[in-house]
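In this text, all values refer to a predicted model and were calculated from it rather than measured experimentally. One is the number of the first residue; the rest follow in order along the sequence.
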Amino acid sequence: MTAHILPCPKSPRVALVGDTHANAIWTGRVIEELAAEGVDMVVQLGDFGWWPQTGFAKKVSNTAAVAGITVCFIDGNHENHEHLRFHTRLRNPGGKPTDPVEMYPCLWYLPRGCSWEWHGVRFLALGGAFSIDHAVRTPGHDWFPVEEVPSTTEAERAIAGGPADVLLSHDFPALGYLLTGRAIPEADERASRQVQHLLAKVVEAIEPKLVVHGHWHYPYDIVRHGITVKGLDCDGTDQAVTVLSLDTLATKDWRLPVRRQEANRVDLAR
């Protein structure tokens, strides 16, 4: 068995990206532009788009390799979990369930409960969530209910990794607030809250200073019990990326710059 050692960023900045949903064009642009600004590490926060039929993972790998950047991802609720687990075992036979795994060159998977340290900052990854939009999804195409929700065992593994400064999750922990603006059926809301309460138990145990998540496509910042929680939007929006300083744990929202040809089109339209 070959040990998979997660690379450490050279720069003290790490880009955190919300749901990408296998959007290769948008994700490719984000990778290229971040690399041009000197960022060499990206962590995507679930609903990456691990759908083998799209070839998205290989496209991200190729783009990252050319750009000289490393992309990591946690799993969301809309990955093809069965295939993701199969490929993880294929790439890391006999490894621990929390080991980081290089799935393709420059593309790493951070399983649930994976912990690591960059520049003295301790991280913990805990992906998965309940699919609040399953009613409009197609099973086997863009919805794979098997293993979508993090389990108690996975939460216990996460806690066993010890304290962390930053928790990277797909859903948010139940810390006394709700996200409004999206009506979902009562049963789905209950199932979603179960995941959030599980994450809250992890937060209570590891005592992070910062939690960053995706899933809800709802950008916000809030402080609860001394913990900063930040939600990111999804692909194609201006609030899907933030850059984390490893020196201060401060985040700075980042958006794709307007390319010259796009700016010209805007000018001509005026």
Hey, quick one: are Leu244 and Val241 part of the same hydrophobic cluster, counting side-chain heavy atoms closer than 4.5 Å, chains of contacts allowed? no
Is there a donor-acceptor pair under 3.5 Å between the side chain of Ser61 and the backbone N or O of Ala57? no
Between His170 and Phe48, is the ring centroid distance below 6.0 Å? no
Identified side-chain contact (heavy atoms from CB on, under 4.5 Å) counterpart of Leu168 within the set Leu126, Leu210, Leu16: Leu16
Under 30°, 30 to 60°, or over 60°: which ring-plane class applies to His83 and Phe86, parallel, tilted or perpendicular? tilted
Neighbour count above 12 (heavy atom, 6.0 Å) for Glu82 CD: no
Is the closest side-chain heavy-atom distance between Ser169 and His213 below 4.5 Å? yes
Is Ser11 reaching over with its side chain to a backbone N or O of Asp40, donor-acceptor style, under 3.5 angstrom? no
Would you call the rings of Tyr104 and His87 parallel, tilted or perpendicular if under 30° counts as parallel and over 60° as perpendicular? tilted
With a 4.5 Å heavy-atom cut-off, do Asp75 and Arg85 have their side chains touching? yes
What is the distance from atom CG of Leu6 to atom SG of Cys72, rounded to the nearest 0.5 Å? 5.0 Å
Min side-chain heavy-atom separation Phe123-Val43 under 4.5 Å: no
Side chains of Asn77 and His134, donor plus acceptor under 3.5 Å: no
Counting C-beta onward and ignoring hydrogens, is there a side-chain heavy-atom pair between Leu124 and Pro208 closer than 4.5 Å? no
State plainly whether one hydrophobic cluster holds both Leu34 and Leu256, where clusters connect Ile, Leu, Val, Met, Phe, Trp and Tyr through side-chain heavy atoms under 4.5 angstrom apart. yes
Please determine if Glu186 and Arg190 form a salt bridge, counting it only when a charged side-chain N lies under 4.0 Å from a carboxylate O. yes
Could you tell me the separation between the OG1 atom of Thr63 and the CZ atom of Arg29, rounded to the nearest 0.5 Å? 13.0 Å
Can Val212 be reached from Leu249 by stepping across I, L, V, M, F, W or Y side chains whose heavy atoms are under 4.5 Å apart? yes
Donor-acceptor pair, Ser245 side chain versus Arg13 backbone, under 3.5 Å? no
Under 3.5 Å: donor-acceptor pair, side chain of Arg112, backbone of Ile74: no
Determine yes or no for a side-chain-to-main-chain donor-acceptor pair under 3.5 angstrom, with His217 supplying the side chain and Gly18 the backbone. no
Would you mind reporting whether Trp50 and Phe73 have side-chain heavy atoms less than 4.5 Å apart? yes
Can you name the nearest heavy-atom pair linking Trp26 to Thr20, along with the distance? CZ3-CG2, 3.9 Å
Taking everything shown except Leu90 itself, do over 12 heavy atoms lie less than 6.0 Å from its CG? yes
Atom pair CG/CZ of Leu199 and Arg193 - distance to nearest 0.5 Å: 10.5 Å
Where is the tightest heavy-atom contact between Arg255 and Asp238, given as atom of each residue plus distance? NH1-OD2, 3.5 Å
Trp118 side chain to Pro12 main-chain N or O, any donor-acceptor pair under 3.5 Å? no
Looking only at heavy atoms, what is the nearest atom pair of Ser151 and Glu154, with distance? N-OE1, 2.8 Å
Shortest non-hydrogen separation from Gly76 to His81 and the atoms involved: O-CE1, 3.0 Å
Leu110 vs Pro100 side-chain heavy atoms within contact, under 4.5 Å: yes
Is a side-chain donor or acceptor of Thr27 paired with a backbone partner of Asn23 at a separation under 3.5 angstrom? yes
Has Glu79 got a side-chain atom pairing as donor or acceptor with Gly49's backbone, closer than 3.5 angstrom? yes
Distance-only, no hydrogens or angles: does the Asp47 side chain make a donor-acceptor pair with backbone N or O of His21 under 3.5 Å? no
From OG1 (Thr70) to CD (Glu102), nearest 0.5 Å: 8.0 Å
Check ion pair Asp99-Arg91 (N to O, under 4.0 angstrom): no
I'd like to know if Ile159 and Leu175 are part of one continuous hydrophobic network [Ile/Leu/Val/Met/Phe/Trp/Tyr, side-chain heavy atoms within less than 4.5 Å]. yes
Please name the pair of heavy atoms, one in Ala129 and one in Val195, separated by the smallest distance, quoted to 0.1 Å. CA-CG1, 4.3 Å
Strictly distance-based, threshold 3.5 Å: is any side-chain N or O of Asn62 a donor or acceptor partner for the main-chain N or O of Lys58? yes
Can you tell me how far CG of Asp171 sits from CD1 of Ile132, rounded to the nearest 0.5 angstrom? 8.0 Å
State, yes or no, whether a side-chain contact exists between Ser131 and His78 at a heavy-atom distance under 4.5 Å. yes
Cys8 and His119: side-chain contact (heavy atoms from CB on, under 4.5 Å), yes or no, with the steps? CA-CA 8 Å; Cys8 182; His119 293 259; 3.7 Å; yes
With a sphere of 6.0 Å drawn around CD of Glu204, does it hold more than 12 non-hydrogen atoms of other residues, nucleotides or ligands? no
Side-chain heavy atoms of Tyr109 within contact of Cys114, under 4.5 Å: no
Would you say Trp116 and Ile206 are hydrophobically clustered, going by side-chain heavy atoms of ILVMFWY under 4.5 Å? no
What orientation do Tyr220 and Phe172 show, parallel under 30°, tilted 30 to 60°, or perpendicular over 60°? perpendicular
Where Asp165 and Gly120 come nearest, the two heavy atoms and their spacing: OD2-O, 4.0 Å
